[in-house]
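Take a look at the structure set out below.
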There are 2 protein chains.
Amino acid sequence: MRQDNRLPRVLHALLHLSDMKDPATSEQLAGMLNTNAAVVRRTMAGLREQGILTSIKGHGGGWQLAKTLDQITLAEIYEALGAPTLFALGYSNESSPCLMEKAANAATARALQKASETFIGILSSVTMADLADDFEKRLAELGLTQDDLHHTGPQDS
Amino acid sequence: MRQDNRLPRVLHALLHLSDMKDPATSEQLAGMLNTNAAVVRRTMAGLREQGILTSIKGHGGGWQLAKTLDQITLAEIYEALGAPTLFALGYSNESSPCLMEKAANAATARALQKASETFIGILSSVTMADLADDFEKRLAELGLTQDDLHHTGPQDS
DNA sequence: AATCATGTAACTTTTAATGTTACGTGATTC
DNA sequence: GAATCACGTAACATTAAAAGTTACATGATT
């Protein structure tokens, strides 16, 4: 399959959403994520069902966070995306009578299982607020503040 | 991309190889792995370069183990396959100026990195001899012995 | 009533492993 | 030394699932 970029994309989108007062339309988010509005709607659908986001139709509508950042773990988000296949590496699930194949598959499965547990464990320990902190750290490293992103300066009309 | 089954396949093939006196042809291995001889040659090429297998051309030729099973870790094999992409999940590598995207990518990368370390760590701790042991355990559970696989019984000519 | 924005279905594109075919090269056998 | 066997490798087709795209229905606002 093609590489699955939904998780980092959604994280990116949520950071932007947390930074906006008004709802963001799928079109706006698509611009930020360099993709298409339909992809945004499709990807975010799971987060809406999970209660992480709300979507509003009509004029002034769009997407909004339904929780504060510190209430959203990355694991929740991953789950809300449908817990998509983590590995490009796999093994045949068809039950073969060959015991050597079974042993080979079992060894592969054990390693993948442990790796998956590590992955989910880390996602569970990180919240969107941690990402926002990381974002602000990066801002500060450039000598900027949050404000610098929202207006062009005092000379602005 | 499609799922990558090379690792479990090679493990399976090596177990069969360890069980044979004569070299196994690509054709024979392809039969065991339910695939094609060309796929076998292509997949095994890396293991030959890595010194895990030797291949012999001509009459009576084929593939043979170049080491004993306890000298082969799964990590070596994974490396010999070219350390193929482990994850179906990824993130855009294109450097975007957006610090929110950077934060999102970094968080994803950290989780993937740790998962990868877990995976490689386990592969490093397991040898093909461990797989052979597992195979024999499975055999015993069926009330069979190694011998049962190699002849049809005492009445056999 | 017009417009905006989501909801969703249907289809195309993309990408890398896998499958397939073909042919070259080296080794063995007779 | 010619035929055959088996690997080595290139070139192309197939496959699968995310992503991209298009289109249209539905609901909310003005």
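None of the values given here were measured: they were computed from a predicted structure.
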Tell me which nucleotide among [options] gets nearest to the side chain of [X].
X: A:R48; options: D:dG20, C:dT6, C:dA17; answer: C:dT6
X: A:V39; options: C:dT6, D:dC7, D:dG20; answer: D:dG20
X: B:A38; options: C:dT21, D:dT22, C:dT18; answer: C:dT21

Hey, which sits more toward the 5' end of DNA chain D by its nearest nucleotide, A:N5 or A:K57? A:N5
Pick the closest DNA chain D nucleotide for A:H59 and for A:N36 by heavy atoms, then say which residue is nearer the 5' end. A:N36
Tell me whether the OP1 or OP2 atom of [N] has a side-chain N or O from [X] closer than 4.0 Å.
X: B:R41; N: D:dC7; value: yes
X: A:T35; N: D:dG20; value: yes
X: A:R6; N: D:dG20; value: no
X: A:S26; N: C:dT6; value: yes
X: A:S55; N: C:dG7; value: yes

Is the B:F87 ring parallel, tilted or perpendicular to the A:F87 ring (thresholds 30°, 60°)?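 If you compare the ring of B:F87 with that of A:F87, the planes turn out parallel.
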Using whole Å, report how far [atom1] of [X] lies from [atom2] of [N].
X: B:R9; N: C:dT18; atom1: CZ; atom2: P; answer: 6 Å
X: A:E49; N: C:dT6; atom1: CD; atom2: C1'; answer: 13 Å
X: B:E27; N: C:dG19; atom1: CD; atom2: P; answer: 14 Å
X: A:L53; N: C:dT6; atom1: CG; atom2: P; answer: 12 Å
X: A:R2; N: D:dT14; atom1: CZ; atom2: P; answer: 21 Å
X: A:L29; N: C:dA5; atom1: CG; atom2: P; answer: 12 Å
X: B:L7; N: C:dA17; atom1: CG; atom2: C1'; answer: 14 Å
X: A:N34; N: D:dT21; atom1: CG; atom2: P; answer: 11 Å

For residues B:A106 and A:R138, report the shortest heavy-atom separation together with the two atoms involved.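 Taking B:A106 first and A:R138 second, the nearest heavy atoms are CB-NH2, 3.2 Å.
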Indicate, yes or no, whether a donor-acceptor pair under 3.5 Å links the base of C:dG19 to the side chain of B:R42. yes
[Y] backbone acceptor or donor facing [X] side chain under 3.5 Å:
X: B:S124; Y: B:I120; result: yes
X: B:T43; Y: B:V39; result: yes
X: B:E101; Y: B:C98; result: no

Would you classify A:A24 as touching base, sugar-phosphate or nothing, given that sugar-phosphate means primed atoms plus P, OP1 and OP2, and contacts are heavy atoms under 4.0 Å? sugar-phosphate
